[in-house]
Amino acid sequence: MRVRRVRGDERLTTSFPLQSYAFDKSPTEQDVSKHYRDFLPFHHGNHTLVAEENGATLATASGIPMRQNIRGTVLPMAGVAGVATHPLARRRGLVRTLLNQLLEEMRDDGTPVSVLYPFRPSFYARFGYVTLPQHRTAVFSPDGLASLLRADLPGELRWRRIADGYTDHRALTLRLLDEQHGFSVFPDFRAVSLRGDRKWVVTAHVDGELAGALSYRIDDHLGELSADTLLHTGPVGRTLLLSFLARHADQVDRIKLGLLPGETPELWADDLLVETKADVRTLGEHAPMARVLSLDGLDGIAAGPVAITVDVVNDALLAGRYHLDGTGGTLAVDRTDAPPAASLSAAGLSALVYGVLDPVEIALRGLGTIPLEAAEALRDLFPARPPYVYAEF
Ligand SMILES: CC(C)(COP(=O)(O)OP(=O)(O)OC[C@H]1O[C@@H](n2cnc3c(N)ncnc32)[C@H](O)[C@@H]1OP(=O)(O)O)[C@@H](O)C(=O)NCCC(=O)NCCS
């Protein structure tokens, strides 16, 4: 068995057939080649590895070169996707080999963090990933927003097909990337696939600045208006977008949309009967997971005013002793021989960086050995931040 990187048209005969078998509806031969060709441009910058034996592709895994805001600093992020093994070659350790190599290569290319959506969280927990909160969605009838129709709102709305409004939508995601911990964006070559979706987009503009964007589709007259995340820069942008949705009271029965962290839809209008939920029961609906690939690569992110020495253990990418110093206001990472105050697994360290778990909980979950004093220092070094991953087109 050999592992190699594939690029360009080679994907059509190596990684794509395995990914298509694993993730698509069973297609006809004709569908297959058209489907592959249509999607090829959206994969061209991916870091894709395949495992081959006797000329046959047996497994594949890709890293999408994304970007993510980690505590205020935008860093390269590896979005792991397209992980699939030939049905006759499963459980032979092929994906274990591929994923370890993929993460190592992307780390060596200067990518310090990684995010993925797992088919089964415990599978990726073995690779050092920790679970983040699931996206929350809100479902409500537009009737409940009627009061907003009479509100005097500053700014204006623009309503277009996504092909025409894509540039504004993308500009807003890039602005939120700069502002919001956890927010991430796809590279241009992939994000642009949104242009081809059969969606509408409404954008909110205040004093010539973008203040909100919502992409959506309507499934049927008197059916559902199904939207992506309600993206906005604050209450004005959000309320403008909600006033647009209010205008659909006699057109759709209900509206479903994704929420930025911290949203409380029950406060949006007095008579809004809304259900807000985060569902991880269904296969394919699991919460995102993330991990740190390089601690040195986090040098310079915002940190609290403490210093501590930790061991990171049981991880090929991170294992070692580190002095983490936030006394200058940002994280300084150095190797050291000083005695460690705590030891952390890759998932435990990732939980601290992303703000997912308190140090005490990390120890309780078996993701580290953290004496009480060290727990306090780690809590101060990585102050609580609402953990979040945004990864939509
Ligand atoms: C999931 C999948 C990629 C695993 O590939 P694989 O090559 O069989 O995985 P490996 O043999 O390298 O297994 C790695 C480890 O995970 C375990 N594992 C494999 N499949 C598993 C599963 N479905 N559930 C739980 N654990 C699993 C293995 O036992 C092994 O553990 P070990 O290293 O402790 O022995 C493969 O079954 C597949 O293609 N499934 C369909 C597509 C899919 O779901 N992809 C994942 C998208 S996120």
Side-chain angles (χ1 to χ4, degrees), residues 1-6 11 13-27 32 35-36 39 42-43 46-66 68 77-106 111 113-135 184 186 190 279-291 293 313-319 345-347 350 365-367 389-393:
M1 193 271 289
R2 73 164 179 155
V3 174
R4 71 181 180 97
R5 186 166 175 187
V6 291
R11 296 176 198 280
T13 50
T14 56
S15 55
F16 276 18
L18 285 185
Q19 288 167 359
S20 178
Y21 180 78
F23 304 116
D24 297 342
K25 287 183 193 160
S26 296
V32 172
H35 183 71
Y36 291 173
F39 279 89
F42 307 135
H43 289 250
N46 288 356
H47 191 123
T48 299
L49 296 182
V50 295
E52 294 173 324
E53 207 169 66
N54 303 323
T57 310
L58 297 187
T60 182
S62 290
I64 306 170
M66 301 177 67
Q68 185 171 34
M77 180 266 270
V80 171
V83 179
T85 301
H86 189 293
L88 297 178
R90 291 180 183 169
R91 304 283 179 141
R92 277 176 44 185
L94 293 178
V95 155
R96 173 165 286 284
T97 305
L98 277 187
L99 199 55
N100 285 336
Q101 187 168 329
L102 178 71
L103 297 180
E104 192 180 320
E105 288 180 5
M106 291 196 78
T111 306
V113 288
S114 173
V115 167
L116 53 76
Y117 285 85
F119 71 101
R120 184 193 290 264
S122 59
F123 180 86
Y124 289 103
R126 298 168 189 216
F127 291 91
Y129 285 83
V130 69
T131 299
L132 276 84
Q134 174 64 310
H135 291 163
S184 55
F186 282 88
R190 179 69 182 265
D279 184 3
V280 295
R281 292 168 305 172
T282 326
L283 202 65
E285 296 267 357
H286 289 307
M289 299 180 84
R291 67 156 288 164
L293 302 177
V313 296
N314 301 327
D315 188 75
L317 296 173
L318 292 175
S345 66
S350 304
R365 294 269 294 268
L367 302 175
V389 168
Y390 170 88
E392 278 172 14
F393 296 107

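Indexing begins at 1, ligand by ligand and atom by atom, following the structure's order.
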Short side-chain to backbone donor-acceptor contact, [X] and [Y], under 3.5 Å:
X      : Y      : answer
His135 : Val389 : yes
Arg190 : Ile64  : no
Ser350 : Val130 : no

Check Val113 against Leu293 and note the closest heavy-atom contact, atom names and distance. O-CD1, 3.9 Å
Tell me the closest heavy-atom pair linking Pro133 and Pro288, and the distance in Å. O-CD, 3.6 Å
Set of residues that line ligand 1, where lining means a heavy atom lies under 4.0 Å from it: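 Ala22, Phe23, Val83, Ala84, Thr85, Arg90, Arg91, Arg92, Gly93, Leu94, Val95, Arg96, Tyr117, Phe119, Arg120, Phe123, Tyr124, Arg126.
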Donor-acceptor contacts, no H, no angles, side chain residues 122-129, under 3.5 Å, sequence neighbours left out:
unit_1	atom_1	unit_2	atom_2	d
Tyr129	OH	Ser114	OG	2.7

